[in-house]
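Numbers for residues simply follow the sequence, beginning at 1. Everything numeric here is computed off the predicted structure, so don't read it as measured data. In each ligand, atom 1 is the first atom listed, and ligand 1 is the first ligand listed.
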Amino acid sequence: MKLWGGRFTKETNQLVHNFNESLSFDQKFYRQDIEGSIAHVTMLAKQGILSREDKEAIVCGLKGILKDIEEGKLDIGPGAEDIHSFIEETLTERIGEAGKRLHTGRSRNDQVALDMKLYTRDQVRELDGLLYRLLKELLTLMEEHIHTYMPGFTHMQKAQPITLAHHLGAYYEMFSRDRGRLHDLYQRMNYCPLGSGALAGTTYPLDREYTAELLGFYGPTLNSMDSVADRDYLLELLSAMSMISMHLSRFCEELIIWNSNEYRFVELDDSYSTGSSIMPQKKNPDIAELIRGKTGRVYGAFVSLLTTMKGLPLAYNKDMQEDKELAFDAIDTVKGCILLFTGMISTVSFNRDVMEKSAKNGFTNATDAADYLVNHGVPFRDAHGIVGKLVLFCLEKGISLDDMSLEEFKAISPVFEEDIYQAISMKTCVEKRMTIGAPGEEAMRKVIGIYKKALEEKPL
Ligand code: ARG
(Lines give C-alpha, C1' and ligand atoms only; values in the text may rest on other atoms or scores of the structure.)
Protein backbone atom coordinates (compact mmCIF):
# COMPACT_ATOMS: atom_id res chain seq x y z
CA MET A 1 0.00 0.00 0.00
CA LYS A 2 1.25 3.47 -0.92
CA LEU A 3 1.08 6.50 1.35
CA TRP A 4 0.18 8.54 -1.72
CA GLY A 5 -2.01 6.17 -3.84
CA GLY A 6 -5.09 8.43 -3.96
CA ARG A 7 -4.03 10.60 -6.87
CA PHE A 8 -2.82 7.70 -9.01
CA THR A 9 -4.77 5.50 -11.43
CA LYS A 10 -2.00 3.06 -12.32
CA GLU A 11 0.26 0.76 -10.36
CA THR A 12 3.93 1.77 -10.09
CA ASN A 13 6.18 0.00 -12.58
CA GLN A 14 8.21 -2.63 -10.70
CA LEU A 15 11.55 -1.24 -11.89
CA VAL A 16 10.46 2.20 -10.76
CA HIS A 17 9.62 0.84 -7.33
CA ASN A 18 12.99 -0.88 -7.08
CA PHE A 19 14.83 2.26 -8.16
CA ASN A 20 12.87 4.55 -5.87
CA GLU A 21 12.64 2.49 -2.70
CA SER A 22 14.87 3.17 0.29
CA LEU A 23 13.53 0.55 2.71
CA SER A 24 16.41 -1.78 1.92
CA PHE A 25 18.79 0.68 3.60
CA ASP A 26 16.77 3.18 5.66
CA GLN A 27 15.47 0.34 7.87
CA LYS A 28 18.72 0.97 9.69
CA PHE A 29 16.99 3.78 11.59
CA TYR A 30 13.69 2.05 12.48
CA ARG A 31 14.38 2.81 16.13
CA GLN A 32 14.85 6.52 15.52
CA ASP A 33 11.75 6.61 13.31
CA ILE A 34 9.65 5.16 16.13
CA GLU A 35 11.28 7.40 18.73
CA GLY A 36 10.46 10.46 16.58
CA SER A 37 6.85 9.35 16.04
CA ILE A 38 6.31 8.83 19.76
CA ALA A 39 7.57 12.35 20.49
CA HIS A 40 5.41 13.74 17.68
CA VAL A 41 2.14 12.22 18.92
CA THR A 42 2.97 13.11 22.51
CA MET A 43 3.22 16.73 21.41
CA LEU A 44 0.06 16.47 19.24
CA ALA A 45 -1.91 15.20 22.26
CA LYS A 46 -0.54 17.90 24.56
CA GLN A 47 -1.69 20.49 22.01
CA GLY A 48 -5.14 18.93 21.76
CA ILE A 49 -4.60 18.05 18.08
CA LEU A 50 -4.86 14.33 18.83
CA SER A 51 -7.12 12.72 21.46
CA ARG A 52 -5.51 11.14 24.48
CA GLU A 53 -6.94 7.71 23.53
CA ASP A 54 -5.54 7.88 20.00
CA LYS A 55 -2.17 8.94 21.35
CA GLU A 56 -2.15 6.02 23.83
CA ALA A 57 -3.10 3.57 21.11
CA ILE A 58 -0.41 4.89 18.76
CA VAL A 59 2.35 4.90 21.38
CA CYS A 60 1.43 1.41 22.51
CA GLY A 61 1.31 0.20 18.90
CA LEU A 62 4.68 1.77 18.08
CA LYS A 63 6.31 0.27 21.16
CA GLY A 64 4.92 -3.13 20.15
CA ILE A 65 6.40 -2.75 16.67
CA LEU A 66 9.78 -1.77 18.13
CA LYS A 67 9.77 -4.76 20.45
CA ASP A 68 8.77 -7.16 17.69
CA ILE A 69 11.45 -5.89 15.30
CA GLU A 70 14.07 -6.15 18.01
CA GLU A 71 13.01 -9.66 19.00
CA GLY A 72 12.99 -10.75 15.38
CA LYS A 73 9.22 -11.31 15.39
CA LEU A 74 8.49 -8.67 12.75
CA ASP A 75 10.31 -8.86 9.45
CA ILE A 76 10.90 -5.61 7.61
CA GLY A 77 9.72 -7.11 4.30
CA PRO A 78 10.46 -5.61 0.88
CA GLY A 79 6.95 -4.33 -0.02
CA ALA A 80 7.01 -0.81 1.44
CA GLU A 81 8.70 2.20 -0.11
CA ASP A 82 10.67 3.25 2.94
CA ILE A 83 10.88 2.69 6.70
CA HIS A 84 8.43 5.52 7.38
CA SER A 85 5.72 3.86 5.22
CA PHE A 86 6.53 0.44 6.63
CA ILE A 87 6.04 1.50 10.22
CA GLU A 88 2.94 3.57 9.53
CA GLU A 89 1.35 0.74 7.53
CA THR A 90 2.18 -1.86 10.15
CA LEU A 91 0.79 0.39 12.87
CA THR A 92 -2.50 0.89 11.01
CA GLU A 93 -2.77 -2.84 10.35
CA ARG A 94 -2.35 -3.44 14.07
CA ILE A 95 -4.40 -0.67 15.70
CA GLY A 96 -6.77 0.47 12.94
CA GLU A 97 -8.13 4.04 12.59
CA ALA A 98 -5.86 5.68 15.18
CA GLY A 99 -2.81 4.63 13.17
CA LYS A 100 -3.98 6.81 10.31
CA ARG A 101 -3.73 9.87 12.53
CA LEU A 102 -0.01 9.43 13.25
CA HIS A 103 1.07 11.53 10.29
CA THR A 104 -1.00 14.60 11.29
CA GLY A 105 1.06 17.79 10.97
CA ARG A 106 4.07 15.98 9.57
CA SER A 107 5.63 15.21 6.19
CA ARG A 108 8.09 12.52 5.29
CA ASN A 109 10.47 15.36 4.50
CA ASP A 110 10.76 16.57 8.08
CA GLN A 111 10.40 12.99 9.29
CA VAL A 112 13.39 11.74 7.33
CA ALA A 113 15.37 14.85 8.28
CA LEU A 114 14.68 14.01 11.93
CA ASP A 115 15.42 10.28 11.64
CA MET A 116 18.71 10.86 9.90
CA LYS A 117 19.69 13.45 12.47
CA LEU A 118 18.81 11.21 15.40
CA TYR A 119 20.71 8.34 13.85
CA THR A 120 23.72 10.52 13.07
CA ARG A 121 23.72 12.00 16.57
CA ASP A 122 23.93 8.50 18.08
CA GLN A 123 26.76 7.65 15.72
CA VAL A 124 28.69 10.83 16.57
CA ARG A 125 28.55 9.75 20.21
CA GLU A 126 29.78 6.26 19.34
CA LEU A 127 32.64 7.61 17.25
CA ASP A 128 33.64 9.92 20.07
CA GLY A 129 33.67 7.01 22.51
CA LEU A 130 35.84 4.94 20.17
CA LEU A 131 38.34 7.77 19.74
CA TYR A 132 38.36 8.29 23.50
CA ARG A 133 39.37 4.67 24.02
CA LEU A 134 42.06 4.97 21.36
CA LEU A 135 43.47 8.06 23.09
CA LYS A 136 43.57 6.21 26.41
CA GLU A 137 45.50 3.41 24.78
CA LEU A 138 47.97 5.83 23.20
CA LEU A 139 48.48 7.57 26.52
CA THR A 140 49.33 4.28 28.22
CA LEU A 141 51.89 3.54 25.51
CA MET A 142 53.32 7.05 25.77
CA GLU A 143 53.93 6.63 29.49
CA GLU A 144 55.72 3.35 28.82
CA HIS A 145 57.99 4.77 26.14
CA ILE A 146 59.29 8.08 27.45
CA HIS A 147 62.82 6.64 27.21
CA THR A 148 62.45 4.58 24.05
CA TYR A 149 64.76 6.42 21.66
CA MET A 150 64.21 6.32 17.94
CA PRO A 151 65.04 8.39 14.89
CA GLY A 152 62.65 11.17 13.92
CA PHE A 153 62.37 11.55 10.16
CA THR A 154 61.96 14.29 7.60
CA HIS A 155 61.80 13.34 3.89
CA MET A 156 61.88 9.75 5.21
CA GLN A 157 65.54 10.43 6.10
CA LYS A 158 66.73 10.12 9.66
CA ALA A 159 66.75 13.63 11.09
CA GLN A 160 67.01 13.99 14.87
CA PRO A 161 66.52 11.58 17.75
CA ILE A 162 63.12 11.54 19.41
CA THR A 163 61.29 9.07 21.62
CA LEU A 164 58.50 6.70 20.79
CA ALA A 165 56.35 8.57 23.32
CA HIS A 166 56.90 11.76 21.36
CA HIS A 167 56.04 10.09 18.05
CA LEU A 168 52.87 8.56 19.50
CA GLY A 169 52.05 11.94 21.00
CA ALA A 170 51.81 13.43 17.52
CA TYR A 171 48.98 11.00 16.78
CA TYR A 172 47.43 11.71 20.15
CA GLU A 173 47.17 15.35 19.04
CA MET A 174 45.57 14.39 15.72
CA PHE A 175 42.95 12.18 17.28
CA SER A 176 42.08 14.72 19.94
CA ARG A 177 41.52 17.33 17.23
CA ASP A 178 39.29 14.75 15.55
CA ARG A 179 37.26 14.53 18.73
CA GLY A 180 37.08 18.31 18.81
CA ARG A 181 35.57 18.32 15.33
CA LEU A 182 32.94 15.79 16.41
CA HIS A 183 32.08 17.92 19.43
CA ASP A 184 31.78 21.05 17.27
CA LEU A 185 29.50 19.50 14.72
CA TYR A 186 27.40 17.94 17.48
CA GLN A 187 26.76 21.42 18.87
CA ARG A 188 25.71 22.74 15.49
CA MET A 189 23.54 19.81 14.45
CA ASN A 190 21.60 19.30 17.65
CA TYR A 191 18.43 21.19 16.60
CA CYS A 192 15.17 19.48 15.78
CA PRO A 193 13.71 19.73 12.24
CA LEU A 194 10.40 18.01 13.10
CA GLY A 195 7.41 20.28 12.61
CA SER A 196 8.80 21.83 9.44
CA GLY A 197 6.32 19.83 7.38
CA ALA A 198 7.01 19.35 3.68
CA LEU A 199 8.80 22.72 3.50
CA ALA A 200 6.54 25.48 4.82
CA GLY A 201 5.65 24.44 8.36
CA THR A 202 2.07 23.44 9.15
CA THR A 203 -1.22 25.12 10.03
CA TYR A 204 -1.59 23.00 13.19
CA PRO A 205 -0.61 24.67 16.45
CA LEU A 206 2.42 22.43 16.97
CA ASP A 207 4.69 23.00 19.94
CA ARG A 208 8.05 22.52 18.27
CA GLU A 209 10.01 23.49 21.37
CA TYR A 210 8.33 20.66 23.26
CA THR A 211 9.07 18.05 20.56
CA ALA A 212 12.67 19.22 20.46
CA GLU A 213 12.95 18.88 24.21
CA LEU A 214 11.40 15.40 24.23
CA LEU A 215 14.02 14.26 21.74
CA GLY A 216 16.98 15.79 23.58
CA PHE A 217 17.65 18.62 21.13
CA TYR A 218 18.76 22.10 22.17
CA GLY A 219 15.69 23.52 20.43
CA PRO A 220 13.80 23.57 17.11
CA THR A 221 15.42 24.56 13.80
CA LEU A 222 14.42 28.08 12.73
CA ASN A 223 13.68 27.84 9.02
CA SER A 224 11.37 25.13 7.74
CA MET A 225 12.83 25.12 4.22
CA ASP A 226 16.39 24.74 5.44
CA SER A 227 15.23 22.11 7.94
CA VAL A 228 14.13 19.69 5.23
CA ALA A 229 16.92 20.57 2.79
CA ASP A 230 19.90 20.68 5.15
CA ARG A 231 22.47 17.90 5.03
CA ASP A 232 25.38 20.07 6.21
CA TYR A 233 25.73 18.13 9.42
CA LEU A 234 26.26 14.92 7.41
CA LEU A 235 28.87 16.62 5.28
CA GLU A 236 30.57 17.92 8.40
CA LEU A 237 30.58 14.41 9.80
CA LEU A 238 31.89 12.94 6.53
CA SER A 239 34.60 15.57 6.52
CA ALA A 240 35.51 14.86 10.15
CA MET A 241 35.52 11.12 9.39
CA SER A 242 37.72 11.73 6.34
CA MET A 243 40.24 13.37 8.66
CA ILE A 244 40.01 10.49 11.13
CA SER A 245 40.63 8.07 8.28
CA MET A 246 43.52 10.14 6.99
CA HIS A 247 45.13 10.10 10.44
CA LEU A 248 44.59 6.36 10.86
CA SER A 249 45.97 5.81 7.39
CA ARG A 250 49.15 7.77 8.10
CA PHE A 251 49.66 5.84 11.32
CA CYS A 252 49.07 2.54 9.49
CA GLU A 253 51.53 3.52 6.80
CA GLU A 254 54.17 4.03 9.50
CA LEU A 255 53.36 0.73 11.17
CA ILE A 256 53.65 -1.04 7.82
CA ILE A 257 57.06 0.53 7.24
CA TRP A 258 58.18 -0.13 10.81
CA ASN A 259 57.02 -3.75 10.54
CA SER A 260 58.93 -4.33 7.29
CA ASN A 261 61.92 -6.67 7.18
CA GLU A 262 64.22 -3.69 6.66
CA TYR A 263 63.05 -1.65 9.64
CA ARG A 264 61.94 -4.15 12.26
CA PHE A 265 60.99 -1.32 14.66
CA VAL A 266 57.83 -3.19 15.55
CA GLU A 267 56.31 -6.59 15.30
CA LEU A 268 52.57 -6.76 14.81
CA ASP A 269 50.90 -9.35 16.98
CA ASP A 270 50.00 -12.67 15.35
CA SER A 271 46.36 -12.02 16.16
CA TYR A 272 46.44 -8.85 14.01
CA SER A 273 48.42 -10.28 11.08
CA THR A 274 47.75 -12.71 8.26
CA GLY A 275 49.84 -15.18 6.28
CA SER A 276 50.46 -15.98 2.64
CA SER A 277 48.97 -18.98 0.84
CA ILE A 278 52.23 -19.66 -0.97
CA MET A 279 55.11 -18.11 0.98
CA PRO A 280 55.34 -19.82 4.37
CA GLN A 281 57.66 -17.19 5.86
CA LYS A 282 55.23 -14.29 5.40
CA LYS A 283 53.43 -12.43 8.13
CA ASN A 284 51.54 -9.60 6.51
CA PRO A 285 50.17 -6.37 8.00
CA ASP A 286 46.80 -6.79 6.22
CA ILE A 287 44.79 -4.98 8.88
CA ALA A 288 46.96 -1.88 8.70
CA GLU A 289 46.79 -2.01 4.91
CA LEU A 290 43.03 -2.39 4.93
CA ILE A 291 42.56 0.56 7.27
CA ARG A 292 44.81 2.61 4.97
CA GLY A 293 42.86 1.37 1.96
CA LYS A 294 39.41 2.07 3.35
CA THR A 295 40.28 5.75 3.61
CA GLY A 296 39.47 6.03 -0.09
CA ARG A 297 35.94 4.86 0.57
CA VAL A 298 35.35 7.46 3.25
CA TYR A 299 36.71 10.32 1.11
CA GLY A 300 34.53 8.96 -1.70
CA ALA A 301 31.39 9.25 0.39
CA PHE A 302 32.28 12.82 1.34
CA VAL A 303 32.89 13.93 -2.24
CA SER A 304 29.81 12.04 -3.50
CA LEU A 305 27.45 13.73 -1.11
CA LEU A 306 29.02 17.16 -1.64
CA THR A 307 28.46 16.65 -5.36
CA THR A 308 24.91 15.43 -4.90
CA MET A 309 24.04 18.51 -2.85
CA LYS A 310 25.69 21.14 -5.01
CA GLY A 311 22.92 21.63 -7.54
CA LEU A 312 19.86 21.19 -5.37
CA PRO A 313 17.30 23.99 -5.32
CA LEU A 314 15.30 24.46 -2.13
CA ALA A 315 13.68 22.65 -0.56
CA TYR A 316 13.48 18.80 -0.44
CA ASN A 317 14.55 16.85 -3.52
CA LYS A 318 14.72 13.09 -3.81
CA ASP A 319 18.42 13.33 -4.65
CA MET A 320 18.91 13.66 -0.90
CA GLN A 321 17.89 10.04 -0.40
CA GLU A 322 21.41 9.30 -1.67
CA ASP A 323 22.81 10.58 1.64
CA LYS A 324 21.97 7.38 3.46
CA GLU A 325 23.95 4.56 1.91
CA LEU A 326 26.98 6.84 1.68
CA ALA A 327 26.80 8.01 5.27
CA PHE A 328 25.96 4.57 6.68
CA ASP A 329 28.84 2.92 4.86
CA ALA A 330 31.32 5.62 5.87
CA ILE A 331 30.21 5.54 9.52
CA ASP A 332 30.41 1.74 9.76
CA THR A 333 33.77 1.77 7.99
CA VAL A 334 35.32 4.40 10.26
CA LYS A 335 33.96 2.79 13.44
CA GLY A 336 35.44 -0.54 12.34
CA CYS A 337 38.77 1.08 11.51
CA ILE A 338 39.12 2.84 14.88
CA LEU A 339 38.18 -0.31 16.74
CA LEU A 340 40.61 -2.51 14.81
CA PHE A 341 43.36 0.05 14.99
CA THR A 342 43.01 0.32 18.76
CA GLY A 343 43.34 -3.45 19.07
CA MET A 344 46.32 -3.53 16.75
CA ILE A 345 48.27 -0.73 18.44
CA SER A 346 47.66 -2.10 21.91
CA THR A 347 49.08 -5.51 20.96
CA VAL A 348 52.06 -4.45 18.85
CA SER A 349 55.53 -5.05 20.28
CA PHE A 350 58.13 -2.31 19.90
CA ASN A 351 61.74 -3.38 19.35
CA ARG A 352 63.40 -0.75 21.53
CA ASP A 353 66.96 -1.86 20.74
CA VAL A 354 66.43 -1.74 17.00
CA MET A 355 64.89 1.70 17.24
CA GLU A 356 67.69 3.09 19.37
CA LYS A 357 70.38 1.54 17.18
CA SER A 358 68.75 3.02 14.12
CA ALA A 359 68.81 6.49 15.70
CA LYS A 360 72.49 6.06 16.58
CA ASN A 361 73.49 4.92 13.12
CA GLY A 362 71.76 7.66 11.23
CA PHE A 363 73.70 10.75 12.31
CA THR A 364 70.59 11.98 14.10
CA ASN A 365 72.96 13.69 16.56
CA ALA A 366 74.64 15.79 13.85
CA THR A 367 72.67 18.92 14.78
CA ASP A 368 73.75 18.47 18.39
CA ALA A 369 77.40 18.19 17.30
CA ALA A 370 76.98 21.51 15.48
CA ASP A 371 75.30 23.01 18.55
CA TYR A 372 78.33 21.86 20.60
CA LEU A 373 80.61 23.89 18.34
CA VAL A 374 78.28 26.89 18.53
CA ASN A 375 78.39 26.68 22.33
CA HIS A 376 82.19 26.86 22.00
CA GLY A 377 82.07 30.08 19.98
CA VAL A 378 81.98 28.72 16.42
CA PRO A 379 79.40 30.53 14.18
CA PHE A 380 76.52 28.17 13.28
CA ARG A 381 77.21 28.27 9.51
CA ASP A 382 80.83 27.18 10.08
CA ALA A 383 79.74 24.56 12.59
CA HIS A 384 77.31 23.17 10.00
CA GLY A 385 80.22 22.83 7.53
CA ILE A 386 82.51 21.16 10.06
CA VAL A 387 79.91 18.58 11.05
CA GLY A 388 79.24 17.95 7.37
CA LYS A 389 82.90 16.96 7.09
CA LEU A 390 82.60 14.70 10.14
CA VAL A 391 79.64 12.95 8.51
CA LEU A 392 81.56 12.45 5.26
CA PHE A 393 84.46 10.99 7.21
CA CYS A 394 82.14 8.58 9.06
CA LEU A 395 80.32 7.55 5.89
CA GLU A 396 83.62 6.60 4.32
CA LYS A 397 84.64 4.54 7.34
CA GLY A 398 81.14 3.12 7.88
CA ILE A 399 80.95 4.34 11.49
CA SER A 400 78.77 6.75 13.46
CA LEU A 401 79.81 10.06 15.05
CA ASP A 402 80.02 8.47 18.51
CA ASP A 403 82.56 5.95 17.17
CA MET A 404 85.13 8.60 16.13
CA SER A 405 88.25 8.99 18.25
CA LEU A 406 89.00 12.37 19.81
CA GLU A 407 92.02 12.70 17.51
CA GLU A 408 89.80 12.20 14.52
CA PHE A 409 87.41 14.87 15.84
CA LYS A 410 90.28 17.23 16.50
CA ALA A 411 91.79 16.66 13.06
CA ILE A 412 88.64 18.20 11.59
CA SER A 413 88.21 20.89 14.28
CA PRO A 414 90.46 21.55 17.27
CA VAL A 415 87.47 22.91 19.19
CA PHE A 416 86.31 19.36 20.06
CA GLU A 417 87.19 18.06 23.54
CA GLU A 418 86.42 14.89 25.50
CA ASP A 419 82.96 16.19 26.48
CA ILE A 420 81.77 15.92 22.85
CA TYR A 421 80.82 12.29 23.52
CA GLN A 422 78.43 13.26 26.24
CA ALA A 423 77.05 16.15 24.19
CA ILE A 424 76.07 13.89 21.30
CA SER A 425 74.89 10.87 23.28
CA MET A 426 71.34 9.80 22.47
CA LYS A 427 70.24 10.55 26.01
CA THR A 428 71.61 14.10 25.95
CA CYS A 429 70.23 14.80 22.49
CA VAL A 430 66.72 13.91 23.60
CA GLU A 431 66.71 15.08 27.20
CA LYS A 432 68.13 18.51 26.35
CA ARG A 433 65.03 19.21 24.31
CA MET A 434 62.87 20.40 27.16
CA THR A 435 60.69 23.16 25.77
CA ILE A 436 57.01 22.31 25.82
CA GLY A 437 56.14 20.06 22.88
CA ALA A 438 59.67 18.63 22.63
CA PRO A 439 60.63 14.98 23.35
CA GLY A 440 62.72 15.57 26.52
CA GLU A 441 61.38 13.74 29.58
CA GLU A 442 60.44 16.88 31.48
CA ALA A 443 58.38 18.32 28.63
CA MET A 444 56.86 14.94 27.84
CA ARG A 445 55.68 14.38 31.40
CA LYS A 446 54.08 17.81 31.47
CA VAL A 447 52.18 17.10 28.26
CA ILE A 448 51.11 13.64 29.42
CA GLY A 449 49.74 15.29 32.56
CA ILE A 450 47.68 17.69 30.42
CA TYR A 451 46.33 14.81 28.32
CA LYS A 452 45.42 12.82 31.42
CA LYS A 453 43.46 15.73 32.80
CA ALA A 454 41.64 16.20 29.49
CA LEU A 455 40.64 12.54 29.44
CA GLU A 456 38.97 12.88 32.83
CA GLU A 457 36.09 14.42 30.90
CA LYS A 458 34.02 11.52 29.60
CA PRO A 459 33.07 11.21 25.90
CA LEU A 460 29.83 12.69 24.46
N1 ARG B 1 13.21 8.00 1.51
C2 ARG B 1 13.11 9.39 1.42
C3 ARG B 1 14.48 10.01 1.67
O4 ARG B 1 15.31 9.32 2.11
C5 ARG B 1 12.15 9.90 2.43
C6 ARG B 1 11.55 11.22 2.12
C7 ARG B 1 10.58 11.09 1.03
N8 ARG B 1 9.94 12.31 0.74
C9 ARG B 1 9.37 12.56 -0.45
N10 ARG B 1 8.83 13.69 -0.62
N11 ARG B 1 9.35 11.64 -1.37
O12 ARG B 1 14.75 11.15 1.39
Side-chain angles (χ1 to χ4, degrees), residues 1-8 10-37 39-40 62 69 76-92 100 102-123 189 192-202 211 215 221 223-235 237-238 301 304-332:
M1 218 233 349
K2 292 270 177 328
L3 295 178
W4 36 263
R7 187 223 182 277
F8 288 73
K10 275 192 188 171
E11 278 300 305
T12 316
N13 176 301
Q14 188 57 43
L15 288 176
V16 170
H17 171 82
N18 297 348
F19 195 68
N20 190 49
E21 69 87 27
S22 53
L23 182 66
S24 53
F25 47 87
D26 64 15
Q27 55 182 276
K28 207 167 172 97
F29 51 53
Y30 68 86
R31 207 168 355 99
Q32 286 80 4
D33 192 77
I34 290 173
E35 192 191 338
S37 290
H40 181 62
L62 287 171
I69 295 177
I76 303 182
E81 186 181 335
D82 51 32
I83 190 66
H84 324 296
S85 334
F86 174 80
I87 289 174
E88 192 179 322
E89 282 162 24
T90 311
L91 180 72
T92 306
K100 297 189 195 164
L102 164 64
H103 211 52
T104 313
R106 186 173 76 170
S107 154
R108 269 187 304 168
N109 297 351
D110 58 346
Q111 187 179 359
V112 75
L114 173 74
D115 292 3
M116 196 61 189
K117 237 185 196 180
L118 287 174
Y119 182 83
T120 308
R121 196 176 65 174
D122 289 346
Q123 297 302 312
M189 76 174 280
C192 183
L194 199 64
S196 297
L199 79 163
T202 74
T211 316
L215 291 168
T221 52
N223 181 291
S224 59
M225 290 180 78
D226 179 56
S227 306
V228 293
D230 168 39
R231 296 294 181 272
D232 287 5
Y233 66 96
L234 276 181
L235 288 166
L237 176 59
L238 286 167
S304 287
L305 187 58
L306 264 182
T307 313
T308 295
M309 295 303 293
K310 82 180 252 297
L312 297 190
L314 288 174
Y316 177 83
N317 298 274
K318 190 69 171 238
D319 314 46
M320 282 189 279
Q321 179 166 290
E322 286 293 307
D323 64 354
K324 292 172 196 65
E325 285 160 292
L326 294 170
F328 294 159
D329 181 68
I331 291 169
D332 290 346

Residue, atom name and distance, where the atom is the protein heavy atom closest to [atom]:
atom: atom 11 (N) of ligand 1; result: Arg108 NH2, 3.8 Å
atom: atom 1 (N) of ligand 1; result: Gln321 OE1, 2.7 Å
atom: atom 6 (C) of ligand 1; result: Tyr316 OH, 3.5 Å

Practice item. Check each of His84, Lys318, Lys324 against atom 5 (C) of ligand 1 and report the one with the nearest heavy atom. Key: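 The nearest heavy atom belongs to His84.
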**Study point:** Those atoms of ligand 1 less than 4.0 Å from some heavy atom in Ser22
**Key:** 1 (N)
Point to revise | For Asn109, atoms of ligand 1 separated by under 4.0 Å from a heavy atom | key: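 Here the atoms of ligand 1 in question are 8 (N), 9 (C), 10 (N).
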Check your understanding: Taking the side chain from Thr221 and the backbone from Cys192, do they hold a donor-acceptor pair closer than 3.5 Å?
Key -> yes
Review point. For residues Asp115 and Gln111, is any side-chain donor paired with an opposing acceptor at under 3.5 Å?
Key: no
Check your understanding: Side chains of Gln32 and Asp122: is there a donor and an acceptor less than 3.5 Å apart?
Key ->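 Per modelled atom types, Gln32 and Asp122 side chains form a pair under 3.5 Å.
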Point to revise | Any Gln111 heavy atom less than 4.0 Å to ligand 1 | key: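 No heavy atom of Gln111 comes that close to ligand 1.
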Point to revise | ring pair (Phe, Tyr, Trp, His ring centres under 6.0 Å) between Phe328 and Tyr119, intermediate numbers included | key: CA-CA 10 Å; Phe328 294 159; Tyr119 182 83; 5.1 Å; yes
Review point. Are Glu88 and Arg108 ion-paired here, with the side-chain N under 4.0 Å from a carboxylate O?
Key: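 Looking at Arg108 together with Glu88, the answer is no, because their closest N to O distance does not fall below 4.0 Å.
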Check your understanding: Cation-pi between Lys324 and Phe25: NZ/CZ under 6.0 Å from ring centre and within 45° of the ring axis?
Key -> no
